[in-house]
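Convention: sequence-line order gives letters A, B, ...; per-chain numbering from 1.
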Amino acid sequence: MRNMFRNVEGTNDLLPGAQKAIVRTEIWHHVEEVIHQIMLRYGFSEIRTPILEHTGLIARGIGQLTDIVSKEMFTLERGDTSYVLRPELTAPIMRSYLQHHLEQQSGVQRLYYLGPCFRAERPQKGRYRQFHQFGAEIIGTDDPRADAEIITLMMEVYDTFELTGAKLRLNTLGSAETRPKYREALIEYLIPFGDALTAISRERLSRNPLRILDTKVEAERKILENAPCLPDYVDQESLSNYESLKRLLRAVEISFVEDPMLVRGLDYYTRTAFELEYGGIGAQNALAGGGRYDLLASAIGAKNPVPAVGFAAGMERLILAMEASGAPLPTVRPFDIWIVSLGETAGKKAFEITHYLRKSGLRVGMEPTKRSMKAQMRLANRADAHRVIILAEQEMQTETATVKNMLTGEQKSIPFIELVENLTK
RNA sequence: GUGACCGUAGCUCAGGUGGUUAGAGCGCCAGGUUGUGGCCCUGGAGGUCGGGGGUUCAAGUCCCCUCGGUCACCCCA
(Lines give C-alpha, C1' and ligand atoms only; values in the text may rest on other atoms or scores of the structure.)
Protein backbone atom coordinates (compact mmCIF):
# COMPACT_ATOMS: atom_id res chain seq x y z
CA MET A 1 0.00 0.00 0.00
CA ARG A 2 2.55 2.52 1.08
CA ASN A 3 4.50 2.75 -2.16
CA MET A 4 1.62 2.36 -4.54
CA PHE A 5 0.55 5.05 -6.92
CA ARG A 6 -2.75 6.65 -6.24
CA ASN A 7 -5.02 8.88 -8.27
CA VAL A 8 -3.99 12.51 -8.62
CA GLU A 9 -5.23 14.88 -5.94
CA GLY A 10 -8.68 16.21 -6.70
CA THR A 11 -9.51 13.51 -9.25
CA ASN A 12 -11.80 10.55 -8.78
CA ASP A 13 -11.88 6.94 -9.90
CA LEU A 14 -15.43 5.99 -10.82
CA LEU A 15 -16.16 2.40 -9.91
CA PRO A 16 -18.99 -0.06 -10.46
CA GLY A 17 -21.10 -0.52 -7.38
CA ALA A 18 -19.34 2.21 -5.39
CA GLN A 19 -21.05 3.25 -2.17
CA LYS A 20 -21.03 6.97 -2.86
CA ALA A 21 -23.15 7.90 -5.86
CA ILE A 22 -20.66 10.49 -7.04
CA VAL A 23 -18.06 7.83 -7.86
CA ARG A 24 -20.39 5.11 -9.05
CA THR A 25 -20.32 4.41 -12.78
CA GLU A 26 -23.91 3.20 -12.93
CA ILE A 27 -25.12 6.55 -11.65
CA TRP A 28 -23.04 8.43 -14.20
CA HIS A 29 -24.40 6.35 -17.04
CA HIS A 30 -27.92 7.04 -15.96
CA VAL A 31 -27.45 10.77 -15.44
CA GLU A 32 -25.63 11.19 -18.74
CA GLU A 33 -28.30 9.24 -20.56
CA VAL A 34 -31.09 11.37 -19.14
CA ILE A 35 -29.24 14.56 -20.04
CA HIS A 36 -28.73 13.38 -23.63
CA GLN A 37 -32.43 12.61 -23.91
CA ILE A 38 -33.52 16.00 -22.59
CA MET A 39 -31.12 17.87 -24.86
CA LEU A 40 -32.40 15.92 -27.82
CA ARG A 41 -36.01 16.70 -26.92
CA TYR A 42 -35.21 20.41 -26.67
CA GLY A 43 -33.63 20.40 -30.09
CA PHE A 44 -29.99 20.69 -29.03
CA SER A 45 -27.16 18.81 -30.72
CA GLU A 46 -24.03 17.57 -29.04
CA ILE A 47 -20.69 19.22 -29.66
CA ARG A 48 -17.42 17.66 -28.48
CA THR A 49 -14.30 19.73 -28.42
CA PRO A 50 -10.80 18.66 -27.35
CA ILE A 51 -9.80 18.71 -23.71
CA LEU A 52 -6.61 20.48 -24.75
CA GLU A 53 -6.89 24.07 -25.96
CA HIS A 54 -4.45 26.87 -26.61
CA THR A 55 -3.82 28.86 -23.47
CA GLY A 56 -4.43 32.09 -25.35
CA LEU A 57 -8.02 31.15 -26.17
CA ILE A 58 -8.91 30.62 -22.55
CA ALA A 59 -6.99 33.66 -21.33
CA ARG A 60 -8.64 35.99 -23.82
CA GLY A 61 -12.04 34.37 -23.65
CA ILE A 62 -12.50 34.12 -19.91
CA GLY A 63 -10.36 37.11 -19.01
CA GLN A 64 -6.80 37.53 -17.89
CA LEU A 65 -7.77 38.89 -14.48
CA THR A 66 -10.26 36.19 -13.56
CA ASP A 67 -9.27 33.68 -10.90
CA ILE A 68 -9.67 30.84 -13.36
CA VAL A 69 -7.05 32.21 -15.70
CA SER A 70 -4.74 33.85 -13.19
CA LYS A 71 -4.33 30.93 -10.83
CA GLU A 72 -6.43 27.87 -11.60
CA MET A 73 -5.27 26.63 -14.98
CA PHE A 74 -3.40 23.41 -15.65
CA THR A 75 -1.07 24.45 -18.40
CA LEU A 76 1.53 22.45 -20.26
CA GLU A 77 4.28 23.69 -22.45
CA ARG A 78 5.61 21.84 -25.43
CA GLY A 79 8.14 23.55 -27.62
CA ASP A 80 7.10 27.16 -27.61
CA THR A 81 3.39 26.41 -27.46
CA SER A 82 1.35 26.68 -24.30
CA TYR A 83 -1.65 24.41 -23.90
CA VAL A 84 -4.26 24.27 -21.19
CA LEU A 85 -6.59 21.58 -19.93
CA ARG A 86 -9.90 23.34 -20.51
CA PRO A 87 -11.33 24.88 -17.33
CA GLU A 88 -14.78 25.28 -18.91
CA LEU A 89 -16.44 24.78 -22.27
CA THR A 90 -18.08 27.98 -23.40
CA ALA A 91 -14.94 29.55 -24.82
CA PRO A 92 -13.88 26.35 -26.65
CA ILE A 93 -17.35 26.01 -28.12
CA MET A 94 -17.37 29.57 -29.36
CA ARG A 95 -13.91 28.92 -30.81
CA SER A 96 -15.21 25.87 -32.61
CA TYR A 97 -18.33 27.71 -33.78
CA LEU A 98 -16.21 30.46 -35.32
CA GLN A 99 -13.56 28.12 -36.71
CA HIS A 100 -16.08 25.94 -38.53
CA HIS A 101 -18.30 28.84 -39.59
CA LEU A 102 -21.38 27.41 -37.98
CA GLU A 103 -23.04 30.80 -38.51
CA GLN A 104 -23.32 29.70 -42.14
CA GLN A 105 -25.69 26.94 -41.12
CA SER A 106 -29.30 27.96 -41.26
CA GLY A 107 -30.86 29.30 -38.08
CA VAL A 108 -29.36 29.74 -34.66
CA GLN A 109 -27.14 27.00 -33.32
CA ARG A 110 -28.34 25.02 -30.33
CA LEU A 111 -25.39 23.10 -28.95
CA TYR A 112 -24.88 21.05 -25.81
CA TYR A 113 -21.89 19.40 -24.24
CA LEU A 114 -20.87 17.04 -21.49
CA GLY A 115 -17.33 16.33 -20.43
CA PRO A 116 -14.37 16.79 -18.11
CA CYS A 117 -12.90 20.15 -17.15
CA PHE A 118 -9.88 20.98 -15.02
CA ARG A 119 -9.11 23.65 -12.47
CA ALA A 120 -6.17 23.65 -10.09
CA GLU A 121 -8.11 24.56 -6.97
CA ARG A 122 -7.76 22.98 -3.59
CA PRO A 123 -10.32 20.15 -3.63
CA GLN A 124 -13.28 20.13 -1.28
CA LYS A 125 -16.82 18.83 -1.27
CA GLY A 126 -18.40 19.55 -4.65
CA ARG A 127 -15.16 20.93 -6.05
CA TYR A 128 -12.58 18.77 -7.80
CA ARG A 129 -9.56 19.35 -9.98
CA GLN A 130 -11.03 17.16 -12.64
CA PHE A 131 -14.76 17.70 -12.70
CA HIS A 132 -17.45 17.32 -15.29
CA GLN A 133 -19.69 19.92 -16.78
CA PHE A 134 -22.69 19.71 -18.99
CA GLY A 135 -24.37 22.69 -20.51
CA ALA A 136 -25.99 24.22 -23.53
CA GLU A 137 -25.53 27.28 -25.70
CA ILE A 138 -27.77 29.12 -28.14
CA ILE A 139 -25.51 31.01 -30.51
CA GLY A 140 -26.62 33.57 -33.06
CA THR A 141 -29.44 35.56 -31.48
CA ASP A 142 -29.90 38.15 -28.76
CA ASP A 143 -33.62 37.53 -28.47
CA PRO A 144 -34.65 37.14 -24.82
CA ARG A 145 -36.56 34.04 -25.81
CA ALA A 146 -33.19 32.35 -26.22
CA ASP A 147 -32.26 33.33 -22.66
CA ALA A 148 -35.58 31.98 -21.45
CA GLU A 149 -35.14 28.79 -23.42
CA ILE A 150 -31.70 28.17 -21.92
CA ILE A 151 -33.10 28.63 -18.43
CA THR A 152 -36.10 26.38 -19.01
CA LEU A 153 -33.80 23.74 -20.43
CA MET A 154 -31.55 23.94 -17.41
CA MET A 155 -34.50 23.70 -15.05
CA GLU A 156 -35.88 20.74 -16.98
CA VAL A 157 -32.78 18.74 -16.12
CA TYR A 158 -33.19 19.25 -12.39
CA ASP A 159 -36.95 18.73 -12.60
CA THR A 160 -36.42 15.44 -14.37
CA PHE A 161 -34.15 14.24 -11.59
CA GLU A 162 -36.87 15.26 -9.13
CA LEU A 163 -34.59 17.65 -7.39
CA THR A 164 -36.65 20.11 -5.41
CA GLY A 165 -35.47 23.04 -3.34
CA ALA A 166 -33.06 24.55 -5.81
CA LYS A 167 -33.25 28.33 -6.08
CA LEU A 168 -32.94 30.16 -9.38
CA ARG A 169 -31.40 33.61 -9.02
CA LEU A 170 -31.55 36.13 -11.82
CA ASN A 171 -29.94 39.45 -12.65
CA THR A 172 -28.94 41.63 -15.55
CA LEU A 173 -25.40 42.87 -15.87
CA GLY A 174 -26.07 45.46 -18.56
CA SER A 175 -24.07 46.11 -21.67
CA ALA A 176 -20.39 46.64 -22.26
CA GLU A 177 -21.06 50.38 -22.35
CA THR A 178 -22.93 50.69 -19.05
CA ARG A 179 -20.91 48.29 -16.97
CA PRO A 180 -17.98 50.70 -16.45
CA LYS A 181 -20.39 53.31 -15.09
CA TYR A 182 -21.65 50.95 -12.45
CA ARG A 183 -18.14 49.82 -11.71
CA GLU A 184 -17.12 53.41 -10.99
CA ALA A 185 -20.14 54.04 -8.83
CA LEU A 186 -19.44 50.92 -6.82
CA ILE A 187 -15.79 51.80 -6.32
CA GLU A 188 -16.75 55.30 -5.25
CA TYR A 189 -19.21 53.92 -2.75
CA LEU A 190 -16.84 51.32 -1.32
CA ILE A 191 -13.64 53.34 -1.03
CA PRO A 192 -14.71 55.24 2.12
CA PHE A 193 -15.17 51.92 3.92
CA GLY A 194 -11.52 51.13 3.35
CA ASP A 195 -10.37 49.14 6.35
CA ALA A 196 -13.80 47.67 6.98
CA LEU A 197 -13.29 45.58 3.86
CA THR A 198 -11.29 42.38 3.87
CA ALA A 199 -7.88 42.33 2.24
CA ILE A 200 -9.27 40.24 -0.55
CA SER A 201 -12.02 42.73 -1.26
CA ARG A 202 -9.62 45.66 -1.17
CA GLU A 203 -7.53 43.89 -3.75
CA ARG A 204 -10.60 43.22 -5.87
CA LEU A 205 -11.64 46.86 -5.63
CA SER A 206 -9.04 47.79 -8.18
CA ARG A 207 -9.06 44.63 -10.29
CA ASN A 208 -12.56 43.29 -10.36
CA PRO A 209 -14.87 45.28 -8.06
CA LEU A 210 -18.09 43.57 -9.14
CA ARG A 211 -16.93 40.36 -7.55
CA ILE A 212 -17.13 41.97 -4.13
CA LEU A 213 -20.89 41.81 -4.52
CA ASP A 214 -21.04 38.10 -3.78
CA THR A 215 -18.88 38.17 -0.69
CA LYS A 216 -19.77 35.81 2.12
CA VAL A 217 -18.45 38.07 4.86
CA GLU A 218 -21.34 39.31 6.97
CA ALA A 219 -19.86 42.73 7.67
CA GLU A 220 -19.33 43.28 3.96
CA ARG A 221 -22.82 42.20 3.13
CA LYS A 222 -24.06 44.85 5.50
CA ILE A 223 -21.96 47.51 3.83
CA LEU A 224 -23.31 46.41 0.47
CA GLU A 225 -26.93 46.80 1.56
CA ASN A 226 -26.78 50.49 0.65
CA ALA A 227 -24.44 50.11 -2.28
CA PRO A 228 -25.49 51.33 -5.70
CA CYS A 229 -27.76 48.81 -7.38
CA LEU A 230 -26.58 47.25 -10.61
CA PRO A 231 -29.93 47.30 -12.43
CA ASP A 232 -30.17 51.08 -11.82
CA TYR A 233 -27.18 51.61 -14.06
CA VAL A 234 -28.19 49.26 -16.82
CA ASP A 235 -29.05 50.61 -20.27
CA GLN A 236 -32.60 50.75 -21.52
CA GLU A 237 -32.28 47.92 -24.00
CA SER A 238 -30.75 45.52 -21.49
CA LEU A 239 -33.47 46.45 -19.06
CA SER A 240 -36.28 45.79 -21.50
CA ASN A 241 -34.67 42.49 -22.46
CA TYR A 242 -34.55 41.63 -18.80
CA GLU A 243 -38.24 42.47 -18.41
CA SER A 244 -39.08 40.30 -21.40
CA LEU A 245 -37.09 37.43 -19.98
CA LYS A 246 -38.91 37.63 -16.66
CA ARG A 247 -42.28 37.70 -18.42
CA LEU A 248 -41.33 34.65 -20.47
CA LEU A 249 -40.24 32.73 -17.40
CA ARG A 250 -43.43 33.60 -15.54
CA ALA A 251 -45.48 32.50 -18.51
CA VAL A 252 -44.05 28.97 -18.20
CA GLU A 253 -44.12 28.97 -14.40
CA ILE A 254 -40.42 28.98 -13.78
CA SER A 255 -39.97 30.55 -10.39
CA PHE A 256 -36.96 32.74 -9.73
CA VAL A 257 -35.76 35.43 -7.40
CA GLU A 258 -34.18 38.61 -8.61
CA ASP A 259 -30.81 39.22 -7.07
CA PRO A 260 -29.17 42.53 -7.97
CA MET A 261 -25.99 41.29 -6.26
CA LEU A 262 -25.58 38.32 -8.59
CA VAL A 263 -22.48 38.59 -10.75
CA ARG A 264 -20.45 36.07 -12.68
CA GLY A 265 -16.80 35.24 -12.36
CA LEU A 266 -16.04 35.16 -16.05
CA ASP A 267 -15.50 38.35 -18.02
CA TYR A 268 -17.54 37.49 -21.08
CA TYR A 269 -20.98 37.82 -19.53
CA THR A 270 -23.31 40.69 -20.39
CA ARG A 271 -26.99 41.30 -19.66
CA THR A 272 -28.64 38.13 -18.37
CA ALA A 273 -26.89 36.32 -15.54
CA PHE A 274 -28.36 33.49 -13.51
CA GLU A 275 -27.39 30.85 -11.04
CA LEU A 276 -29.07 27.78 -9.62
CA GLU A 277 -28.34 27.41 -5.94
CA TYR A 278 -28.84 24.40 -3.73
CA GLY A 279 -28.01 24.03 -0.05
CA GLY A 280 -27.04 20.69 1.37
CA ILE A 281 -24.10 19.78 -0.82
CA GLY A 282 -21.51 21.68 1.17
CA ALA A 283 -20.13 25.15 0.69
CA GLN A 284 -20.09 24.79 -3.08
CA ASN A 285 -23.77 25.44 -3.52
CA ALA A 286 -24.01 26.51 -7.16
CA LEU A 287 -25.44 23.65 -9.18
CA ALA A 288 -25.34 25.59 -12.41
CA GLY A 289 -24.89 29.07 -13.74
CA GLY A 290 -24.83 30.98 -16.92
CA GLY A 291 -25.98 33.96 -18.86
CA ARG A 292 -25.59 35.94 -22.01
CA TYR A 293 -22.12 36.41 -23.44
CA ASP A 294 -22.40 38.67 -26.45
CA LEU A 295 -18.80 39.82 -26.05
CA LEU A 296 -17.04 36.49 -26.13
CA ALA A 297 -16.80 36.04 -29.89
CA SER A 298 -15.17 39.41 -30.34
CA ALA A 299 -12.83 38.79 -27.43
CA ILE A 300 -11.43 35.73 -29.14
CA GLY A 301 -11.04 37.37 -32.52
CA ALA A 302 -14.35 37.30 -34.40
CA LYS A 303 -14.75 40.17 -36.86
CA ASN A 304 -18.44 40.59 -36.12
CA PRO A 305 -20.14 40.26 -32.76
CA VAL A 306 -21.96 36.98 -32.18
CA PRO A 307 -24.74 37.10 -29.60
CA ALA A 308 -25.05 33.99 -27.47
CA VAL A 309 -26.46 32.67 -24.22
CA GLY A 310 -25.84 29.47 -22.30
CA PHE A 311 -25.62 27.61 -19.03
CA ALA A 312 -23.02 25.35 -17.49
CA ALA A 313 -23.69 22.83 -14.78
CA GLY A 314 -21.58 20.56 -12.59
CA MET A 315 -22.18 16.83 -12.91
CA GLU A 316 -20.65 16.03 -9.54
CA ARG A 317 -22.80 18.65 -7.85
CA LEU A 318 -25.90 17.35 -9.56
CA ILE A 319 -25.20 13.83 -8.34
CA LEU A 320 -24.30 15.09 -4.88
CA ALA A 321 -27.59 16.97 -4.75
CA MET A 322 -29.56 13.95 -5.94
CA GLU A 323 -28.00 11.88 -3.21
CA ALA A 324 -28.53 14.53 -0.53
CA SER A 325 -32.13 15.19 -1.45
CA GLY A 326 -33.08 11.54 -1.57
CA ALA A 327 -33.95 11.83 -5.26
CA PRO A 328 -34.34 8.43 -6.87
CA LEU A 329 -31.09 6.80 -7.99
CA PRO A 330 -30.99 4.07 -10.58
CA THR A 331 -30.48 0.47 -9.59
CA VAL A 332 -28.28 -2.00 -11.42
CA ARG A 333 -29.97 -4.17 -13.99
CA PRO A 334 -30.00 -7.71 -12.66
CA PHE A 335 -28.73 -10.66 -14.68
CA ASP A 336 -31.33 -12.58 -16.66
CA ILE A 337 -29.29 -15.75 -16.53
CA TRP A 338 -26.27 -17.03 -14.64
CA ILE A 339 -24.47 -20.13 -15.83
CA VAL A 340 -22.94 -22.57 -13.40
CA SER A 341 -20.80 -25.45 -14.58
CA LEU A 342 -18.74 -28.27 -13.13
CA GLY A 343 -15.97 -30.03 -15.03
CA GLU A 344 -14.13 -29.31 -18.23
CA THR A 345 -16.62 -30.42 -20.89
CA ALA A 346 -19.49 -28.71 -19.12
CA GLY A 347 -17.28 -25.62 -18.84
CA LYS A 348 -16.85 -25.50 -22.59
CA LYS A 349 -20.57 -25.96 -23.10
CA ALA A 350 -21.21 -23.18 -20.60
CA PHE A 351 -19.08 -20.83 -22.66
CA GLU A 352 -21.00 -21.73 -25.81
CA ILE A 353 -24.41 -21.32 -24.23
CA THR A 354 -23.40 -18.04 -22.63
CA HIS A 355 -22.39 -16.73 -26.04
CA TYR A 356 -25.62 -17.64 -27.80
CA LEU A 357 -27.84 -16.39 -25.02
CA ARG A 358 -26.00 -13.08 -25.06
CA LYS A 359 -26.36 -12.88 -28.84
CA SER A 360 -30.09 -13.34 -28.35
CA GLY A 361 -30.25 -10.26 -26.13
CA LEU A 362 -30.10 -11.59 -22.59
CA ARG A 363 -27.81 -10.33 -19.88
CA VAL A 364 -25.86 -13.43 -19.02
CA GLY A 365 -23.14 -14.01 -16.48
CA MET A 366 -20.77 -16.78 -15.61
CA GLU A 367 -17.41 -17.01 -13.98
CA PRO A 368 -14.62 -18.85 -15.78
CA THR A 369 -13.35 -20.58 -12.67
CA LYS A 370 -13.27 -24.07 -11.26
CA ARG A 371 -15.06 -23.13 -8.09
CA SER A 372 -17.60 -25.33 -6.39
CA MET A 373 -21.23 -25.28 -7.39
CA LYS A 374 -22.06 -23.74 -4.07
CA ALA A 375 -19.67 -20.88 -4.68
CA GLN A 376 -20.99 -20.37 -8.20
CA MET A 377 -24.56 -20.33 -6.92
CA ARG A 378 -23.58 -17.68 -4.43
CA LEU A 379 -22.24 -15.55 -7.27
CA ALA A 380 -25.48 -16.03 -9.17
CA ASN A 381 -27.42 -14.96 -6.14
CA ARG A 382 -25.32 -11.87 -5.62
CA ALA A 383 -25.69 -10.92 -9.27
CA ASP A 384 -29.43 -11.03 -8.65
CA ALA A 385 -29.86 -13.52 -11.50
CA HIS A 386 -33.42 -14.47 -12.31
CA ARG A 387 -32.49 -17.91 -13.50
CA VAL A 388 -29.49 -20.19 -13.27
CA ILE A 389 -28.46 -22.77 -15.83
CA ILE A 390 -26.65 -25.71 -14.27
CA LEU A 391 -24.30 -27.80 -16.40
CA ALA A 392 -22.45 -30.79 -15.04
CA GLU A 393 -21.82 -34.44 -15.87
CA GLN A 394 -25.46 -35.47 -15.79
CA GLU A 395 -26.55 -32.62 -18.07
CA MET A 396 -23.79 -33.39 -20.52
CA GLN A 397 -24.88 -37.01 -20.80
CA THR A 398 -28.54 -36.20 -21.40
CA GLU A 399 -27.78 -33.07 -23.44
CA THR A 400 -30.20 -31.10 -21.34
CA ALA A 401 -29.63 -28.13 -19.11
CA THR A 402 -31.04 -27.79 -15.63
CA VAL A 403 -32.69 -24.40 -15.37
CA LYS A 404 -33.43 -23.10 -11.91
CA ASN A 405 -35.75 -20.20 -11.16
CA MET A 406 -34.04 -18.34 -8.36
CA LEU A 407 -37.20 -16.76 -7.04
CA THR A 408 -39.29 -19.90 -6.73
CA GLY A 409 -36.46 -22.41 -6.46
CA GLU A 410 -38.22 -24.50 -9.08
CA GLN A 411 -36.05 -26.50 -11.53
CA LYS A 412 -36.67 -28.02 -14.90
CA SER A 413 -34.69 -29.76 -17.63
CA ILE A 414 -34.47 -28.25 -21.09
CA PRO A 415 -32.68 -29.89 -24.04
CA PHE A 416 -29.68 -27.90 -25.24
CA ILE A 417 -31.20 -27.35 -28.68
CA GLU A 418 -34.29 -25.71 -27.22
CA LEU A 419 -32.46 -23.62 -24.66
CA VAL A 420 -32.14 -20.29 -26.45
CA GLU A 421 -35.69 -20.37 -27.75
CA ASN A 422 -37.06 -21.40 -24.38
CA LEU A 423 -35.26 -18.72 -22.42
CA THR A 424 -35.89 -15.84 -24.79
CA LYS A 425 -39.59 -16.35 -25.36
C1' G B 1 -2.31 29.55 -1.81
C1' U B 2 -4.19 29.69 3.81
C1' G B 3 -6.49 27.10 7.95
C1' A B 4 -8.87 23.14 10.88
C1' C B 5 -9.57 18.11 11.64
C1' C B 6 -8.32 13.07 10.50
C1' G B 7 -4.88 8.66 8.87
C1' U B 8 -5.35 1.06 12.94
C1' A B 9 -7.56 -5.32 8.22
C1' G B 10 -11.04 -4.61 1.48
C1' C B 11 -14.99 -1.19 4.18
C1' U B 12 -16.84 1.19 8.93
C1' C B 13 -14.51 1.72 13.32
C1' A B 14 -12.78 0.00 19.01
C1' G B 15 -8.08 0.17 21.12
C1' G B 16 -8.58 5.26 29.64
C1' U B 17 -3.24 7.74 32.24
C1' G B 18 2.70 4.03 26.85
C1' G B 19 3.35 -2.52 29.11
C1' U B 20 2.68 -9.75 27.02
C1' U B 21 1.08 -13.09 20.25
C1' A B 22 -3.39 -5.46 17.84
C1' G B 23 -9.51 -6.37 18.13
C1' A B 24 -14.98 -6.07 16.46
C1' G B 25 -18.85 -5.71 12.79
C1' C B 26 -19.52 -6.03 7.63
C1' G B 27 -17.15 -8.04 3.32
C1' C B 28 -14.05 -12.13 1.30
C1' C B 29 -12.75 -17.63 1.25
C1' A B 30 -13.85 -22.62 2.95
C1' G B 31 -16.71 -26.32 5.61
C1' G B 32 -21.61 -27.77 7.71
C1' U B 33 -25.26 -30.39 1.94
C1' U B 34 -20.36 -36.89 -2.40
C1' G B 35 -24.05 -31.33 -7.83
C1' U B 36 -27.53 -26.09 -5.74
C1' G B 37 -28.00 -19.47 -3.67
C1' G B 38 -30.43 -16.27 0.03
C1' C B 39 -30.96 -17.43 6.62
C1' C B 40 -28.03 -19.85 10.35
C1' C B 41 -23.53 -22.27 12.56
C1' U B 42 -18.10 -23.25 12.46
C1' G B 43 -13.38 -22.17 10.79
C1' G B 44 -9.81 -19.37 7.79
C1' A B 45 -7.17 -15.67 5.08
C1' G B 46 -6.09 -10.58 5.53
C1' G B 47 -2.58 -5.41 9.35
C1' U B 48 5.62 -3.09 8.56
C1' C B 49 -1.18 0.53 13.41
C1' G B 50 0.38 6.27 6.39
C1' G B 51 6.03 6.99 6.29
C1' G B 52 10.65 8.67 8.81
C1' G B 53 13.09 10.22 13.12
C1' G B 54 13.09 10.97 18.48
C1' U B 55 11.88 10.13 23.96
C1' U B 56 11.68 5.37 26.84
C1' C B 57 13.57 -0.79 29.62
C1' A B 58 8.98 -0.61 26.51
C1' A B 59 5.22 3.51 21.49
C1' G B 60 -0.81 2.12 17.70
C1' U B 61 -0.64 5.21 22.26
C1' C B 62 4.02 10.86 23.81
C1' C B 63 7.18 14.65 20.69
C1' C B 64 9.09 16.44 15.83
C1' C B 65 9.13 16.12 10.58
C1' U B 66 6.88 14.30 6.28
C1' C B 67 3.17 12.23 3.04
C1' G B 68 -1.97 11.39 2.24
C1' G B 69 -7.28 12.33 3.08
C1' U B 70 -11.54 15.34 4.46
C1' C B 71 -13.77 19.93 5.22
C1' A B 72 -13.59 25.19 5.19
C1' C B 73 -11.56 30.04 3.37
C1' C B 74 -10.93 31.67 -1.50
C1' C B 75 -13.25 30.64 -6.11
C1' C B 76 -16.86 28.57 -9.00
C1' A B 77 -20.00 24.16 -12.04
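Separating the P atom of B:rU33 from that of B:rG38 is a span of 14 Å, rounded to the nearest Å. Rounded to whole Å, the separation between the C1' atoms of B:rG15 and B:rA24 comes to 10 Å. For the P atom pair drawn from B:rU8 and B:rC49, the interatomic distance equals 11 Å after rounding to whole Å. B:rA9 and B:rG47 are spaced 5 Å apart, taking the C1' atom of each and rounding to whole Å. Taking the P atoms as reference points, B:rG7 lies 8 Å from B:rG50, given to the whole Å. Using atom P as the reference point in both B:rA72 and B:rG53, the two lie 36 Å apart (nearest Å).
With A:R145 as the fixed residue, the side chain to side chain donor-acceptor pair (under 3.5 Å) test singles out one of A:D147, A:T141, A:D143: A:D143.
If you check every strand for non-hydrogen atoms under 4.0 Å, A:R387 touches nothing. Counting non-hydrogen atoms under 4.0 angstrom, A:E72 reaches the backbone sugars and phosphates but no base. Within the 4.0 angstrom heavy-atom criterion, no nucleotide atom of any strand lies near A:G135. Using a 4.0 Å heavy-atom distance criterion, A:R378 is classed as a sugar-phosphate-only contact. A:L276 comes within 4.0 angstrom of no nucleic acid atom, judged by non-hydrogen atoms across all strands. A:A312 comes within 4.0 angstrom of sugar-phosphate atoms only, judged by non-hydrogen atoms across all strands, and of no base. Among the protein residues, A:R6 comes within range of the sugar-phosphate backbone only, with heavy atoms under 4.0 Å from sugar or phosphate atoms but none that close to a base. Looking at heavy-atom distances under 4.0 Å, A:E88 makes no contact with the nucleic acid at all. Among the heavy atoms of the strands lying under 4.0 Å from A:R119 is at least one base atom, whether or not backbone atoms are also near.
What separates CD of A:E367 from C1' of B:rG37 is a distance of 14 Å, to the nearest Å. For the pair A:K370 NZ and B:rC29 P, the interatomic distance rounds to 18 Å; values are reported in whole Å. The interatomic distance linking A:K374 (NZ) with B:rC41 (P) rounds to 14 Å, in whole Å. Rounded to a whole Å, the CG atom of A:N12 is 11 Å from the P atom of B:rG69. A:N381 has its CG atom 9 Å from the P atom of B:rG37, to the nearest Å. One can place CD of A:Q124 at 10 Å from C1' of B:rU70, the figure rounded to the nearest angstrom. Rounded to a whole Å, the CZ atom of A:R122 is 8 Å from the C1' atom of B:rU2.
The aromatic rings of A:F134 and A:Y158 sit tilted relative to each other, their planes meeting at an angle between 30° and 60°.
When each of A:T215 and A:M406 is assigned the nucleotide of RNA chain B bearing its nearest heavy atom, the one mapping closer to the 5' terminus is A:M406.
Nucleotide B:rA45 forms a pair with no other nucleotide shown, judged by Watson-Crick or G-U wobble geometry with both contacts under 3.5 Å.
Geometrically, A:K246 engages A:Y242 in a cation-pi contact defined by less than 6.0 Å to the ring centre and at most 45° from the axis.
For A:R382, counting side-chain heavy atoms from C-beta on, the closest listed nucleotide (B:rC29, B:rA72, B:rG38) is B:rC29.
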